[in-house]
S.K.: 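Dropping the structure in here first, questions after.
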Amino acid sequence: MAAREGYIIYIDMDSFFASCELLRHPDLKEKPFAVVTKSADKFRGVVQTANYSARKFSIHSGMPIMKALQLYPNLYCIKADHDYYEEISDEISDMLKSYGFEIEMVSIDEAAIDTTGLEESKVVEIAKDMKRKISDGLKLPCTIGIAKGKTFAKMACDSAKPNGFLFIKGDETLDFISYKRVSDIPGVGKKTEEKLANLNMYYIRDLKNANVQALVGLLGEYGSKIYNLSNGIDEEKIVSDWVTLSVGREKNLNEDTNDTSVIMAKLKELSNDTADMIRSTKKLYKSITVKVRYFDFNTKIKTKTLSYYTDSADVLYSEASELIKPLIKDNIMVRRVGVRVSTLMDSSHQQKLF
DNA sequence: CAATCGCTTCACT
DNA sequence: CTAACGAGTGAAGCGATTG
């Protein structure tokens, strides 16, 4: 079990959307507020990011707005402005790229940087420099974790939030993770945690001496991944040229309905948006998926793969409307519809449309 | 038997 | 502190199908 050679610097912005909003609404400082889904109907939205003052009232991302307002009735809600956050994210990534290391933008507000080849003291120095640039230059708070491995670095980062900095030396990795909960492993959510709890495994140290086969039986290949992690082996690679596998849009209807014309109108809107996205990334699609969520949250999808690649919005809409027909039923109200395209290809590859 | 397809599940912000 | 009825996006996984 060869340990990873190099350190990974993992940077995660603190309540990113909320911090971005503070840049242009400084008056909100200290006030509990939340960035919420920009949905037509506020009664159906959820909190996307709560600032730390709001988190004191147990408000967090994913929580229905209505619930958040119960917890703190004066909560100030701002509709998410993704274009704005994207611009700021680009500034951050440009700045980080200028150091010349291999870097992965893991999400709009997270980056992983591979410093393999650099001596230990230098790694910490550079990471501090990055934090200073984000804090002084961009006026945004962030947390940095450093460890031997992308997953471990992210975990270090998570446990140092907010506005933190944590360096885990290579030989301290096992000590660091052993007493953490299984749910502290990125990718282990509610369901996986539950399954592990059924085997009486709650902490990472419980995984360490577990039977690998049992874990694989329970979780598939992911089982062996977390087994390795629990033993200090983190083989996650930094992927700088991340390939998009699918793109789509989905949206709640203003109210539940089974009126075909209303659903088709929404489908057209979503198809156009999706086609716009695919064109803006200079890609072509071959597969089309439609999704319907009914009033009771039951969700069905239908997928069709074409015999050719295209970026046409019209093709998307007409195929999607055929796919969705069998999902619309007289007696079941529809709450939400979605369109997604996959099996993508660069349009520069110049293939023919047949 | 490997690649692709269609669909469900899961995680995150 | 549970559950909360909850938006939007995308990847992973898996069984069935196909060639």
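Throughout, a chain's letter reflects where its sequence line sits, starting with A, and its residues are numbered from 1. FYI, side chains are in, hydrogens and waters are out, and symmetry mates aren't considered; it's all heavy atoms of this structure.
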S.K.: State whether a side-chain donor-acceptor pair under 3.5 Å links A:Thr116 with A:Asp114.
M.R.: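 The criterion, which ignores hydrogens and geometry beyond distance, is satisfied for A:Asp114 and A:Thr116.
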S.K.: Could you state the atom-to-atom distance from CG of A:Leu218 to C1' of C:dG13 in whole Å?
M.R.: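 Checked: the CG to C1' distance equals 14 Å.
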S.K.: Can you check the A:Glu269 CD to C:dG8 P distance for me, whole Å?
M.R.: 11 Å
S.K.: Does A:Met63 or A:Val243 map to a spot on DNA chain C nearer the 5' end, using the closest nucleotide for each?
M.R.: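 In this pair, the answer is A:Met63.
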S.K.: Give the nucleotide from the list C:dA11, C:dG13, C:dA7 with an atom nearest to the side chain of A:Tyr222.
M.R.: C:dG13
S.K.: Check for a donor-acceptor pair, side chain of A:Asp311 on one end and backbone N or O of A:Lys283 on the other, with a separation under 3.5 Å.
M.R.: no
S.K.: Give a yes or no answer on whether the side chain of A:Thr303 reaches the backbone of A:Thr289 with a donor-acceptor pair at less than 3.5 Å.
M.R.: no
S.K.: When the distance from NZ of A:Lys56 to C1' of C:dC1 is rounded to whole Å, what number comes out?
M.R.: 20 Å
S.K.: Considering the options A:Glu235, A:Glu104, A:Glu110, which one meets the salt bridge (Lys or Arg N to Asp or Glu O under 4.0 Å) requirement together with A:Lys150?
M.R.: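 With A:Lys150 as partner, A:Glu235, A:Glu104, A:Glu110 yield a single salt bridge (Lys or Arg N to Asp or Glu O under 4.0 Å), made by A:Glu104.
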S.K.: Expressed in angstrom and rounded to an integer, what is the separation of A:Leu219 atom CG from C:dA12 atom C1'?
M.R.: 13 Å
S.K.: CG of A:Leu215 versus P of C:dG13: gap in Å, rounded?
M.R.: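 Roughly 15 Å, once rounded to whole Å.
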S.K.: Below 4.0 angstrom, which residues in residues 330-342 of chain A have at least one non-hydrogen atom near DNA chain C?
M.R.: A:Arg335, A:Arg336, A:Arg340
S.K.: Nearest-Å distance, NE2 (A:His60) to P (C:dA7)?
M.R.: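 To the nearest whole Å, that distance equals 15 Å.
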S.K.: Applying the side-chain contact (heavy atoms from CB on, under 4.5 Å) test to A:Leu75, which of A:Ile65, A:Val36, A:Ile59 qualifies?
M.R.: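 The single option meeting the side-chain contact (heavy atoms from CB on, under 4.5 Å) with A:Leu75 is A:Ile59.
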S.K.: May I have the distance from A:Ile59 (atom CD1) to C:dC1 (atom C1'), rounded to whole angstrom?
M.R.: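 Atom-to-atom, A:Ile59 to C:dC1, this comes out as 16 Å.
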S.K.: What's the closest nucleotide to the A:Glu250 side chain, out of C:dG13, C:dA7, C:dT9?
M.R.: C:dT9
S.K.: Main chain of A:Gly170, side chain of A:Tyr7: is a donor-acceptor contact present, judged purely on distance under 3.5 Å?
M.R.: yes
S.K.: Less than 4.0 Å between a side-chain N and a carboxylate O, is that true for A:Asp14 and A:Lys161?
M.R.: yes
S.K.: Can you check the A:Met66 CE to C:dA7 C1' distance for me, whole Å?
M.R.: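 So the two atoms are 15 Å apart, to the nearest Å.
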S.K.: Do A:Tyr203 and A:Lys208 meet the criterion of a side-chain donor-acceptor pair at a distance under 3.5 Å?
M.R.: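 No - no donor-acceptor pair under 3.5 Å links their side chains.
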S.K.: So which one's nearest nucleotide on DNA chain C is more toward 5', A:Val247 or A:Arg293?
M.R.: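 Closest to the 5' end, via its nearest nucleotide, is A:Arg293.
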S.K.: Please report the interatomic distance CG(A:Asn298) to CD1(A:Ile332), rounded to the nearest 0.5 Å.
M.R.: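 So the gap between those two atoms works out to 7.5 Å.
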S.K.: Take nucleotides 4-13 of chain B nucleotide by nucleotide from the 5' end and write B, S or -, depending on whether a protein heavy atom sits under 4.0 Å from the base, only from the sugar-phosphate, or from neither.
M.R.: -SSBB-SSSB
